[in-house]
Novice: 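Can you keep this structure in mind? I'll have questions shortly.
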Amino acid sequence: DEEELPANASAQSLGVRAQKKLLSKLSSKSVAKVFIDDTSGRILDNIHKIARSYTNSKKDADKLLKYIIKTIVKLGILYKNDLFTNNELKLIDDFRNRFHSLCKAVVTFYEVDFTFDRSFLVRVLKECQELTHKIIASHLTQKSHERIDYVFNFFGNLAFLEYAFDPKLDKNRAMVGQIVADMNLLINDGLL
């Protein structure tokens with residue numbers, strides 16, 4: 001479709017806009033595989049299973065997964081095209097550190113009985129959510145901000161956290177165990 005281009009449009013900005021537009025039309029697992037490795041893909045598959053079990057809705061679990069993938073891929077496009085400012089890169093480093101702490105906590109909560117601390121998880125998820133909003137503020141639309149809120153609010157829901165970490169639910173324990181095993185791989189490889 002015809003779209004009026006700004007006078008200062010560069011080839012790079014047009015390329016990034018085209019990538020983001022294409023992504024919005026093609027957001028699927030096959031597109032995500034370009035930006036998401038196999039181990040992370042398994043984590044997302046298991047998150048989908050837990051979300052589906054928790055919500056009793058394939059549609060809601062699919063929506064969560066789609067929003068996660070869209071956000072990861074859009075951030076990947078921005079990062080790959082060196083579009084983040086120095087300040088945004090510092091925010092990304094801060095996000096990585098907090099997300100790393102979050103992942104290590106999830107591993108500990110799974111591996112060590114009676115260590116589950118939902119208030120810690122909620123606090124760090126909220127910090128990651130706020131950092132993500134700051135990182136994308138000048139790059140993505142309000143719709144992307146809404147997707148980010150949906151994802152972080154889902155994971156920060158106390159009822160979901162208690163459901164996911166309930167030691168009496170063997171099926172969840174097995175899925176969280178698979179997530180933790182893959183998280184350990186990514187942590188040991190320095191990717192998480």
Side-chain angles (χ1 to χ4, degrees), residues 27 29 32 36 39-76 91-137 140-188 191-192:
S27 185
K29 283 188 177 184
I36 300 171
T39 306
S40 299
R42 284 192 308 270
I43 290 172
L44 290 174
D45 287 341
N46 282 306
I47 285 172
H48 181 269
K49 289 176 191 173
I50 290 175
R52 184 173 179 180
S53 177
Y54 173 71
T55 62
N56 259 343
S57 168
K58 181 183 182 314
K59 181 181 171 188
D60 289 343
D62 288 350
K63 179 179 177 180
L64 178 69
L65 188 62
K66 178 181 176 183
Y67 283 9
I68 292 169
I69 290 170
K70 275 191 166 203
T71 302
I72 290 170
V73 173
K74 284 185 179 188
L75 285 167
L91 292 171
I92 289 170
D93 284 340
D94 193 13
F95 174 90
R96 282 184 184 139
N97 290 334
R98 289 173 203 262
F99 194 73
H100 179 80
S101 296
L102 178 72
C103 292
K104 289 197 69 115
V106 167
V107 168
T108 300
F109 297 161
Y110 174 79
E111 292 178 343
V112 182
D113 291 338
F114 309 111
T115 58
F116 177 63
D117 183 351
R118 63 184 156 269
S119 60
F120 174 81
L121 290 178
V122 170
R123 180 177 53 79
V124 178
L125 281 164
K126 194 66 161 161
E127 291 170 356
C128 288
Q129 180 179 9
E130 290 168 3
L131 284 167
T132 305
H133 282 301
K134 289 177 184 175
I135 292 164
I136 68 158
L140 301 178
T141 65
Q142 182 59 35
K143 183 104 174 143
S144 292
H145 285 279
E146 291 166 8
R147 284 187 195 107
I148 288 164
D149 285 339
Y150 183 88
V151 168
F152 281 102
N153 291 340
F154 182 89
F155 289 116
N157 176 325
L158 290 176
F160 171 74
L161 290 172
E162 289 178 5
Y163 177 82
F165 283 95
D166 187 337
K168 295 178 217 116
L169 296 174
D170 291 337
K171 184 171 99 174
N172 288 3
R173 184 121 179 102
M175 285 185 279
V176 173
Q178 291 170 355
I179 291 169
V180 165
D182 284 330
M183 287 172 100
N184 273 325
L185 286 174
L186 294 176
I187 289 169
N188 291 337
L191 300 172
L192 194 59

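All residue numbers in this chain count up from 1 along the given sequence.
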Novice: Okay, side chain of Asn46, backbone of Arg42: is any donor-acceptor separation there less than 3.5 Å?
Specialist: yes
Novice: Is there a side-chain contact between Asp113 and Pro167 in this structure, where contact means two heavy atoms from C-beta onward sitting under 4.5 Å apart?
Specialist: no
Novice: Are the side chains of Ile47 and Leu65 in contact, using a 4.5 Å heavy-atom criterion?
Specialist: no
Novice: Can you spot which of Lys66, Lys58, Lys59 makes a salt bridge (charged side-chain N to carboxylate O under 4.0 Å, His left out) with Asp62?
Specialist: Lys58
Novice: Any chance you could measure Asn153, atom CG, to Ile148, atom CD1, to the nearest 0.5 Å?
Specialist: 11.5 Å
Novice: Quick check for you: to the nearest 0.5 Å, what is the distance between Thr132 atom OG1 and His145 atom NE2?
Specialist: 10.0 Å
Novice: Between Phe160 and Phe154, how do the two ring planes meet: parallel, tilted or perpendicular, split at 30° and 60°?
Specialist: tilted
Novice: Working to the nearest 0.5 angstrom, can you tell me the gap between Gln129 CD and Phe95 CZ?
Specialist: 10.5 Å
Novice: Measure the spacing between CG of Leu91 and CD1 of Ile135 and express it to the nearest 0.5 Å.
Specialist: 5.5 Å
Novice: Regarding Asp117 and Ser119, do their side chains bring together a donor and an acceptor under 3.5 Å, going by distance alone?
Specialist: yes
Novice: Check whether any side-chain heavy atom of Leu185 sits under 4.5 Å from a side-chain heavy atom of Asp182, and report yes or no.
Specialist: yes
Novice: Ignoring hydrogens and angles, tell me if any N or O in the side chain of Asn172 forms a donor-acceptor pair with the backbone of Tyr163 under 3.5 Å.
Specialist: yes
Novice: Hey, mind stepping through Asp170 and Arg173 against salt bridge (Lys or Arg N to Asp or Glu O under 4.0 Å) and telling me if it holds?
Specialist: CA-CA 5 Å; Asp170 291 337; Arg173 184 121 179 102; over 6 Å; no
Novice: Taking all atoms of both residues into account, what is the closest heavy-atom pair of Ile50 and Ala164, and its distance?
Specialist: CG2-CB, 4.3 Å
Novice: Got a second to check how far Leu131's CG is from Asp93's CG, nearest 0.5 Å?
Specialist: 11.0 Å
Novice: State which residue, out of Val180, Thr115, Val176, Leu161, fulfils the side chain to side chain contact (heavy atoms under 4.5 Å, CB included) condition with Phe109.
Specialist: Thr115
Novice: If you measure from CD on Glu111 to NZ on Lys104, what distance do you get to the nearest 0.5 Å?
Specialist: 9.5 Å
Novice: Can you name the one residue among Gln142, Lys63, Lys74 that meets side chain to side chain contact (heavy atoms under 4.5 Å, CB included) with Arg147?
Specialist: Lys74
Novice: Identify the two heavy atoms, one from Asp60 and one from Thr55, that lie closest to each other, and give their separation to 0.1 Å.
Specialist: CB-OG1, 3.9 Å
Novice: Name all residues meeting the ring-ring contact (aromatic ring centres under 6.0 Å, His included) criterion together with Tyr67; count only those two or more places apart in sequence or in a different chain, and write none if there are none.
Specialist: Tyr150
Novice: Kindly list each side-chain donor-acceptor pair under 3.5 angstrom involving residues 121-128, sequence neighbours excluded, with atom names and distances?
Specialist:
residue: Arg123; atom: NH1; partner: Glu127; partner atom: OE2; Å: 3.2
residue: Glu127; atom: OE1; partner: Arg98; partner atom: NH1; Å: 2.8

Novice: Are Thr71 and Phe152 side-chain neighbours, meaning at least one heavy-atom pair lies under 4.5 Å?
Specialist: no
